[in-house]
*Asks:* 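I'd like to ask some things about the structure below.
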Protein chains: 2
Amino acid sequence: MALEGASRHDRRAADTAPKPLAAPDALRVWLRFVRLNRRLHGAMTAELKAARLSISQFDLLSTLSEAEGLSQQDLADRLYVTKGNVSGLVDRLVASGLVERRPLAGDRRSHALCLTALGRETVGRGLAIQRTYVSRTLGALAPADIAALDRVLGAWRDRLRQDGSGSGRKSKGG
Amino acid sequence: MALEGASRHDRRAADTAPKPLAAPDALRVWLRFVRLNRRLHGAMTAELKAARLSISQFDLLSTLSEAEGLSQQDLADRLYVTKGNVSGLVDRLVASGLVERRPLAGDRRSHALCLTALGRETVGRGLAIQRTYVSRTLGALAPADIAALDRVLGAWRDRLRQDGSGSGRKSKGG
DNA sequence: TTGCGATAGTTTGCATCTAAACGATCATCC
DNA sequence: GGATGATCGTTTAGATGCAAACTATCGCAA
């Protein structure tokens, strides 16, 4: 296994003499990122239990609360999941009385998804939990750190967009 | 968490919105983090297809490759998943000929999990894919950015540890 | 009008994950 | 030695995810 991946800045570093000071190994940072995400996912799952919501359900409901009347396909696009997944998710949310499927005039294939009163109340609790948790954890870091994180995550995302190969869902005509 | 495109609805709000503040809203950075992770997960899933591995399988195998002979419970602890999950995961890896369950002298309840020759070869390919992908994306950022990310992620993780409530798996002498 | 491709949603089969119940084994205390 | 509780792995039920096949409907063109 010879470091085939380490090319990019090694080349630069080879040109200019000085060794990158305490060169942070990208792979190590990657692993730290992945582990942190696992922690956050677990923590958020636990937090949202107080509202009897799973993360998936909360994601769907909070998206709906910002744009009521979306179709399942719209929702699938926004949530980066398949429409088959949304189908079952909505089924369960309808069964729980949090969401309604309303017939859509002009297209009998799709429905307009709307929150019920209970759904609105529930997602409100979820959003409060999210706000509280994020403030308590990420929000407790130094503002400069939060700003730095924001900036680097943006740069990383831009790099992924360039790379292209990722997140390739069925977008048509982008 | 999702809150993807602030589509047509929010255009009004955007007009009246003041200015990007010096201190970025933690919630916004949180959402950026979550979305970026989704992208990375999808991209890595696609990359690992070349080695015919799922992310879960790769995680398990790469952990085993660093500490061969672990029990399923050990693995569950390291991977932050339940032992029931590991049970099925190992079943399928054994069926694929990548992992072996060896009887453990002194404890007939557990097995020592070992990579087969094929397993070692496969995880090697997976690791190469991972290295390459990480170098190409995260590794392409400025070293200072990677270092900043590393530092802030560490601070965030420390904050989570203080917070305690998260990632609450059965810790026993971890 | 008729036909055909595109789109929305459902369904199926499978992988992954949790929580919880269960069986086997181990460790310990009496 | 024997009861008892802890630990390991398995199993079950159910939620979540994908891919792909399928149904119904829509849009468009001939």
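The analysis underlying the following values was restricted to heavy atoms, covering all of them including side chains, and did not include hydrogens, waters or symmetry mates. Every chain is numbered from 1 and lettered A, B, ... according to where its sequence line falls, protein lines coming before strand lines.
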*Asks:* So which one's nearest nucleotide on DNA chain D is more toward 5', A/Arg108 or B/Gln72?
*Replies:* B/Gln72
*Asks:* Given atom CZ of B/Arg52 and atom C1' of C/dA15, what is their separation to the nearest angstrom?
*Replies:* 16 Å
*Asks:* Checking A/Arg92 now: which residues fulfil side-chain hydrogen bond (donor to acceptor under 3.5 Å, both in side chains) with it, not counting sequence neighbours?
*Replies:* none
*Asks:* Please give, in whole Å, the distance from D/dT16 C1' to A/Leu53 CG?
*Replies:* 15 Å
*Asks:* side-chain contact (heavy atoms from CB on, under 4.5 Å) between B/Leu93 and B/Gln57: does it pass, once the steps are laid out?
*Replies:* CA-CA 8 Å; B/Leu93 289 171; B/Gln57 290 173 333; 3.9 Å; yes
*Asks:* Give the rounded distance in Å between these two atoms: CZ of A/Arg38 and C1' of C/dT16.
*Replies:* 13 Å
*Asks:* For DNA chain D, whose closest nucleotide is more 5', that of A/Arg109 or that of A/Ser56?
*Replies:* A/Ser56
*Asks:* Given atom CG of A/Asn85 and atom P of C/dC17, what is their separation to the nearest angstrom?
*Replies:* 15 Å
*Asks:* Name the nucleic acid region contacted by B/Gly84, choosing base, sugar-phosphate or nothing; use a 4.0 angstrom heavy-atom cut-off, strictly under.
*Replies:* base
*Asks:* Give the rounded distance in Å between these two atoms: CG of A/Leu60 and P of C/dG9.
*Replies:* 12 Å
*Asks:* Carefully, step by step, assess B/Val99 and B/Thr116 under the rule side-chain contact (heavy atoms from CB on, under 4.5 Å).
*Replies:* CA-CA 5 Å; B/Val99 166; B/Thr116 63; 5.7 Å; no
*Asks:* Can you tell me how far apart CD (B/Gln130) and OG (B/Ser62) are? Round to the nearest 0.5 Å.
*Replies:* 6.5 Å
*Asks:* Could you go through the side-chain contact (heavy atoms from CB on, under 4.5 Å) check for A/Asp145 and B/Trp156 one step at a time?
*Replies:* CA-CA 9 Å; A/Asp145 282 357; B/Trp156 193 356; over 6 Å; no
*Asks:* Calculate the interatomic distance between A/Ile55 atom CD1 and C/dC17 atom P; express it in whole Å.
*Replies:* 14 Å
*Asks:* OP1 or OP2 of D/dC8 sitting under 4.0 Å from any side-chain N/O of B/Ser110?
*Replies:* no
*Asks:* Rounded to whole Å, how long is the line connecting atom NE2 of A/His111 with atom P of C/dT7?
*Replies:* 19 Å
*Asks:* Please list each protein N or O that sits under 3.5 Å from an N or O in nucleotides 13-15 of chain D, with the distance.
*Replies:*
none

*Asks:* Answer with base, sugar-phosphate or nothing: what part of the nucleic acid does B/Asp107 contact at a heavy-atom distance below 4.0 Å?
*Replies:* sugar-phosphate
*Asks:* Counting any heavy atom closer than 4.0 Å, what does B/Ser71 reach on the DNA or RNA strands: base, sugar-phosphate only, or nothing?
*Replies:* sugar-phosphate
*Asks:* Would you check if B/Cys114 and B/Leu64 make a side-chain contact, meaning some heavy-atom pair closer than 4.5 Å?
*Replies:* no
*Asks:* What is the distance, rounded to the nearest whole Å, between atom CG of B/Leu104 and atom P of D/dT7?
*Replies:* 18 Å
*Asks:* Evaluate the side-chain proximity of A/Leu113 to A/Glu100: yes if any heavy-atom separation is below 4.5 Å, no if none is.
*Replies:* no
